[in-house]
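Reminder, nothing fancy here: chain letters follow the sequence lines and each chain counts from 1.
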Amino acid sequence: MPDKIALNKFSVHYGPDPLLQEIDLEIQSNQILGVIGPSGSGKTTFLRALNRMNELQPGFTASGRIMLDGEDIYGLDYDAVSLRKKVGMVFAMPVPLPMSIHENIIYGPKLSAGRGWKYDEAVVESSLKAAFLWDEVRDRLKTSALRLSGGQQQRLCLARTLALEPEVILLDEPCSGLDPVSTAKIEEALTILKERYTVILVTNNTKQAARVADRTAFFLMGKLVEEGTTQQMFTAPKDKRTSDYITGRFG
Amino acid sequence: MPVTSEKIMQRLLLAVAFSALSALLLIAVFIISQGLPFIFRYGFREFLFSSQWNPQAGKFGIFPMVVSTLWVTLGAMAIGAPLGVAGAVFLTEFVPRTVMRIIKPSIELLAGIPSVVYGFIGVMVLAPLIRDHLGGPGLSLLAGSIILGIMILPTIISISIDSIMAVPKSYREGSLALGATVWQTVRMVTLPAARSGIAASIILAMGRAVGETMAVIMVTGNSVKIPGSALEPVRTLTANIALEMGYATGMHRQALFATGVVLFVVIMILNFSASYVMRQRKARR
């Protein structure tokens, strides 16, 4: 099977400082890739590179290539807006837009539908169900999304991303502020979602990567130290730094 | 002794603060005590809704001035609000921060230009333009609206910029990550989230427009009648007071104070609603 995403000597600089250095990595579809590493290791920069969110802040420059289905997403004529519809993102802090639950879900599809403003209303139910949120909000879709609890907001953000029917889903520490029950719900959703999507999960919680990821990548100081199947990474890592990090000797 | 000096400073600052407050109170009491009895004596309805303004004959109906003030203000808002909000959006969302840091203070400088200068430009440039291209005497409701529309730009732009910048970055990123363009994000997320601040900026600007006197006197022509079109000369409430106070005595003088009471109330209402809208925003956070 061809790689869904392939990075080729991909680097990101902020001003003169390197944030990511010459990353080479292939990512297969229908898998969860866990990305671990201490803070400041470039995990988030890596994730935000995949849907070109870094470039929204002035000062970021990227070099090298990222191929999505064989197309260079940093190519001159590649449209970042259409890329972000294919590569959805869930942030560390749940950030529902200041509108109702229903409007949050249809926000993306409505924009994609363009002038006709036609979209499938069924997407609201299906994406909320896929994010394990439907039962909790089915009676109050018109209330403000800001009234939901933190865990519910994060699942809403996941549902909102799913409503776009992306091909790749990026998650940036989606459970960092959540209780164990909400975390379990999101993890459960992810393991089902990988059947249809390519999932990339940045997490500070190595156990979470061990639980849900098929493959795991370890970043340190802007470099990709090691990548392999999760089982191999957690039982027989090749690099000493990886085993040190996983066993909690630093970071 | 540091403690005594502390106490002295405290008293001193208290006195200063109260003197500012008492100045406001004195003005309010003075205007109301001079104007309110007249309104009751002359009749509230006669005063506000009669079109007869003829001080020599003892007729004091300010309706034409009320209507003119309303039209000039609405015209100014129609010109200033879209320009101001669009300018604020442009400067916050479409221009690098460094450029904004140069342009925003320059716009705020507009507020520092004396209003007589605006009036002067209105008389010398705007009025002839209107006269030559649209007809009428030039000094008109339209000229007043345009000049005021420009004068309120700094208020609208700088408060709108502040409230747009106060919208959390995460809202923008969330929207962009869902495949929205910058413009879609502005329209559907940023502007709705900043709307109370923008509304407050427009209300405050309205207060400025209602209260502006000098520039308005110079460009509106000042004839007391209900305007039939935007090209006709009008006289606003503020202009009425400023033009006639110099020679007014007796009833006439009281009528002008009563006009002041009307203005005072209108501007109070505008300011209170602006701060109310602002508070609503804080309460929601």
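- Using a 4.5 Å cut-off between heavy atoms, A/Arg52 does not touch chain B at all.
- When each of B/Ile161, B/Val167, B/Asp162 is checked for a side chain to side chain contact (heavy atoms under 4.5 Å, CB included) with B/Met165, only B/Ile161 meets the rule.
- With a threshold of 4.5 angstrom between heavy atoms, A/Pro96 approaches chain B through N, CA, C or O but not through any side-chain atom.
- For chain B, the nearby part of A/Leu146 is the side chain; its heavy atoms alone come within less than 4.5 Å.
- For chain B, no part of A/Met93 is nearby; none of its heavy atoms comes within less than 4.5 Å.
- A/Leu190 is listed as a side-chain neighbour of A/Leu201, based on a closest heavy-atom distance under 4.5 Å.
- Inspection of the A/Gln28 and A/Asp3 side chains reveals an N or O donor paired with an N or O acceptor under 3.5 Å.
- The closest side-chain donor-acceptor pair between A/Ser182 and A/Gln154, if any, does not fall under 3.5 angstrom.
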